[in-house]
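This is the structure I have questions about; it appears just below.
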Number of protein chains: 2
Amino acid sequence: MGQQDTLFVASLEKGLRVLEVFRNQRENLGITDIAHATGFDKSTAQRFTTTLHRLGYLNRDERTRRYSPSIRLMDLAFTYSHQDRLAEIARPRLIEAGKRYNTSVNLCVLEGTDIIYTLCIPNQTASFMMTLSGRRAPALCLAEGICIIAFRRSDEIKAIVGASEITRFTEDTIINRSAIMRRIADAHSKGYGIGKGQISSDEISVAAPILDSTGVAFAAVQIPVFQPNWNLSDVESNLAPLVLDTARSLSRTLYRTT
Amino acid sequence: MGQQDTLFVASLEKGLRVLEVFRNQRENLGITDIAHATGFDKSTAQRFTTTLHRLGYLNRDERTRRYSPSIRLMDLAFTYSHQDRLAEIARPRLIEAGKRYNTSVNLCVLEGTDIIYTLCIPNQTASFMMTLSGRRAPALCLAEGICIIAFRRSDEIKAIVGASEITRFTEDTIINRSAIMRRIADAHSKGYGIGKGQISSDEISVAAPILDSTGVAFAAVQIPVFQPNWNLSDVESNLAPLVLDTARSLSRTLYRTT
DNA sequence: CTTATAATATCATAAATTAATATAAAAAAC
DNA sequence: GTTTTTTATATTAATTTATGATATTATAAG
């Protein structure tokens, strides 16, 4: 419609899009970089970047005149995380689960076609990136994504699979949509998802969904382990029951019918 | 100046102020709540709240028509945290430090007159709130705040103390500015800060600053322990050397002169 | 040193935001 | 259950703000 949507504040969207640009970058960005990444005119990029800096959400390197995300973004995360009841309840249980075989254990949710990790209980060897909550990855490549999607209504499953951009991470990444659908069906029948070499060639991942009172999944418990320390058979024997038990205990605590 | 600052986008500020309102709330907020908390006209509150919802940063409860922070805020935090080199380097060292006496160990930075926790390595008994990065607290009440401030230039120290709103948390919270200045001087001479019963009546906190190559502090390593499991004397004997060693090792890794 | 690129600053215009107001829905009081 | 109050939603003319073209300055690259 040509007429303005008077309830939508496009300037706010633009500012947030500038912030979002930084999440895919490692290095600091100049005004021109931001203009390119957002598609904005350079004076638009200048105004929004300068405003975010003045509000404290971006840092500016005086020498290079480049910008980087500010710690003030952690404030916004806290806004969400201090109300995250699932993470609060899950935390001690994930810690217990992690002790069993000395593994990392993560809690994650489906957000669009991605998985976001909301609580990471890393083991000693976990890389820094793997310890960060807020990390995103495409759901269809992940055991945890597959097992959440497997416990959604079939129209939603089709919609998510249809909307997903399929990304190949390794030689073994399953990218065929039919094979992905079979993988989803398999997770539904087993009650958990398992994947090997989907995101990195040495990773084996197992996950079980957390279900609400209607049997619909929105979150999962996941354990990543690595070859050659673990093989598929041992993961299936030892870790699958562990994620299942942990997820089920969370489902019962949160959503049991009274 | 009456004339417009044409480089500043006030609409973006307003939108971010709406988000910021939620960080001090536990319960969901309606349009009227947001209008009150921000001072905006209710149609302004409506437009910005609706826009944040449409962009995915707020969730809306259809039944109550109230809003809450969305997990998408974790995206923004990740934007910051995946570039946090100090946290990346510090993480294994804080884990090691925590093993010594089975305590939580935190990394924090000064932000304005507050401390923000950027990395929390909780022990088994840590409360959920204490496990959350992004959490803020007033610097002058905290051993970690005091010890960072103690290693700033004296003009900055005066400015921070002057700008701080003094909050009393317990009967023992030091609120007298002269006493606070003595506490800062004490932290400077000892090289670490220590506090008992400042934030909660049973807490003892000890922290050491991380210094850059000029000897200026911007971050600290902190250990919180609780009475009656710990007393001041044992904290001073056992935990103060531990935070000092950990902080010094980080200072050397990050900022040693070549 | 010169040229190219990026950043910064300015301003007339178009577009967006404001807040007053009307209407609808829900909550609270009776 | 009804009435009143409060909150939410929707609309719009007036006012303010954001846009992008352009000029200027600064820095990087050759």
Side-chain angles (χ1 to χ4, degrees), chain A residues 1-22 24-70 83, chain B residues 1-22 24-70 83:
Chain A
M1 173 196 295
Q3 200 185 10
Q4 192 73 18
D5 180 349
T6 57
L7 272 184
F8 190 76
V9 184
S11 291
L12 176 52
E13 175 185 30
K14 287 179 173 175
L16 292 166
R17 274 178 61 196
V18 170
L19 280 180
E20 286 165 1
V21 155
F22 287 88
N24 303 321
Q25 305 294 334
R26 296 282 302 181
E27 61 284 341
N28 297 358
L29 298 176
I31 298 288
T32 301
D33 299 321
I34 292 165
H36 280 131
T38 52
F40 296 163
D41 180 86
K42 68 180 186 297
S43 62
T44 301
Q46 179 191 9
R47 276 194 309 281
F48 284 96
T49 303
T50 301
T51 302
L52 287 164
H53 170 64
R54 280 163 61 183
L55 296 174
Y57 288 99
L58 290 177
N59 294 322
R60 182 173 188 266
D61 184 317
E62 292 289 307
R63 191 178 59 79
T64 63
R65 302 193 291 184
R66 294 169 84 81
Y67 294 84
S68 59
S70 162
Q83 297 194 9
Chain B
M1 174 195 297
Q3 199 185 10
Q4 191 71 21
D5 179 346
T6 59
L7 270 185
F8 190 77
V9 185
S11 291
L12 177 52
E13 176 185 30
K14 286 179 173 174
L16 292 166
R17 273 177 60 199
V18 169
L19 279 180
E20 286 165 1
V21 155
F22 286 89
N24 303 320
Q25 304 294 335
R26 296 282 302 181
E27 61 284 343
N28 297 359
L29 298 176
I31 297 288
T32 301
D33 300 320
I34 292 165
H36 281 131
T38 52
F40 296 164
D41 179 87
K42 68 181 186 299
S43 62
T44 301
Q46 180 193 8
R47 275 197 312 284
F48 284 96
T49 304
T50 301
T51 301
L52 288 164
H53 169 66
R54 281 165 58 184
L55 297 175
Y57 288 99
L58 291 178
N59 294 323
R60 181 173 190 266
D61 184 316
E62 293 290 308
R63 191 179 59 81
T64 62
R65 300 194 293 183
R66 296 169 82 82
Y67 295 84
S68 59
S70 161
Q83 296 195 8

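Throughout, a chain's letter reflects where its sequence line sits, starting with A, and its residues are numbered from 1. Just so we're clear, the structure is a prediction, and the values are computed from it rather than from any experiment.
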Check your understanding: What integer distance in Å separates D61(B):CG from dT7(D):P?
Key ->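 Going from CG in D61(B) over to P in dT7(D) covers 17 Å.
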Exercise for review: For residues R60(B) and R65(B), determine if any side-chain heavy atom of one lies less than 4.5 Å from a side-chain heavy atom of the other.
Suggested key: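 They are in contact (side-chain heavy atoms under 4.5 Å apart), so the answer is yes.
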Practice item. To the nearest Å, give me how far apart CG (L29(B)) and P (dT7(D)) are. Key: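 For the pair L29(B) CG and dT7(D) P, the rounded distance is 13 Å.
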Practice item. For residues T32(B) and K42(B), determine if any side-chain heavy atom of one lies less than 4.5 Å from a side-chain heavy atom of the other. Key: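 When only atoms from C-beta onward are counted, K42(B) and T32(B) do not touch, as no gap falls below 4.5 Å.
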Practice item. Give me the ring orientation class for Y67(B) and H53(B): parallel if the planes are under 30° apart, tilted from 30 to 60°, perpendicular past 60°. Key: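 Perpendicular.
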Practice item. Check the distance between dT22(D)'s C1' and R47(A)'s CZ and give it to me in whole angstrom. Key: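 R47(A) atom CZ is separated from dT22(D) atom C1' by 14 Å.
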Review point. Contact class for F40(B) (heavy atom, under 4.0 Å): base, sugar-phosphate, or nothing?
Key: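 Touches nothing.
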**Study point:** Under-4.0 Å side-chain N/O to phosphate OP1/OP2 contact, T44(A) with dA18(D)
**Key:**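 Answer is no, no contact under 4.0 Å.
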**Study point:** Rounded distance in Å - NE2 (H53(B)) to P (dT9(D))
**Key:**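 Rounding to the nearest Å, NE2 of H53(B) and P of dT9(D) are 10 Å apart.
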Check your understanding: Between I31(B) (CD1) and dA10(D) (C1'), how many Å, whole number?
Key ->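 Rounding to the nearest Å, CD1 of I31(B) and C1' of dA10(D) are 12 Å apart.
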Exercise for review: May I have the distance from F48(A) (atom CZ) to dA18(D) (atom C1'), rounded to whole angstrom?
Suggested key: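 Distance, rounded to whole Å: 7 Å.
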Review point. K42(B) NZ to dA19(C) P: how many Å, rounded?
Key: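 My rounded result for the distance is 11 Å.
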Review point. Would one find a side-chain N or O of T32(B) under 4.0 angstrom from OP1 or OP2 of dA8(D)?
Key: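 Checking T32(B) against dA8(D): at least one side-chain N or O falls below 4.0 Å of OP1 or OP2.
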Review point. Which residue lies toward the 5' end of DNA chain C, V9(A) or L7(B), if each is placed at its nearest nucleotide?
Key: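 This one resolves to L7(B).
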Review point. Does Y67(B) or S11(A) map to a spot on DNA chain D nearer the 5' end, using the closest nucleotide for each?
Key: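 The residue mapped nearer the 5' terminus is Y67(B).
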Exercise for review: Return the 5'-most residue of the pair D41(A), S43(B) with respect to DNA chain D, ranking by each residue's nearest nucleotide.
Suggested key: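 Comparing both residues, the 5'-ward one is S43(B).
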**Study point:** Option passing side-chain hydrogen bond (donor to acceptor under 3.5 Å, both in side chains) with R66(B) (candidates N59(B), D61(B), D33(B))
**Key:**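 Exactly one option meets the side-chain hydrogen bond (donor to acceptor under 3.5 Å, both in side chains) with R66(B), and it is D33(B).
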Exercise for review: Taking only the side-chain nitrogens and oxygens of R63(B), find out if one of them lies under 4.0 Å from OP1 or OP2 of dA27(C).
Suggested key: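 So the side-chain polar atoms of R63(B) never come under 4.0 Å of the phosphate oxygens OP1 or OP2 of dA27(C).
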Review point. Touch check for R66(A), heavy atoms < 4.0 angstrom, all strands: base, sugar-phosphate only, or nothing?
Key: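 Nothing, no heavy atom under 4.0 Å.
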Practice item. Calculate the interatomic distance between F8(A) atom CZ and dT11(D) atom P; express it in whole Å. Key: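 In whole Å, dT11(D) P lies 18 Å from F8(A) CZ.
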Point to revise | L55(A) side chain near E20(B) side chain, heavy-atom distance below 4.5 Å | key: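 A side-chain contact is absent here, since even the closest heavy-atom pair is not under 4.5 Å.
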Review point. More 5' along DNA chain C: T64(A) or L12(A), using each one's nearest nucleotide?
Key: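 This one resolves to T64(A).
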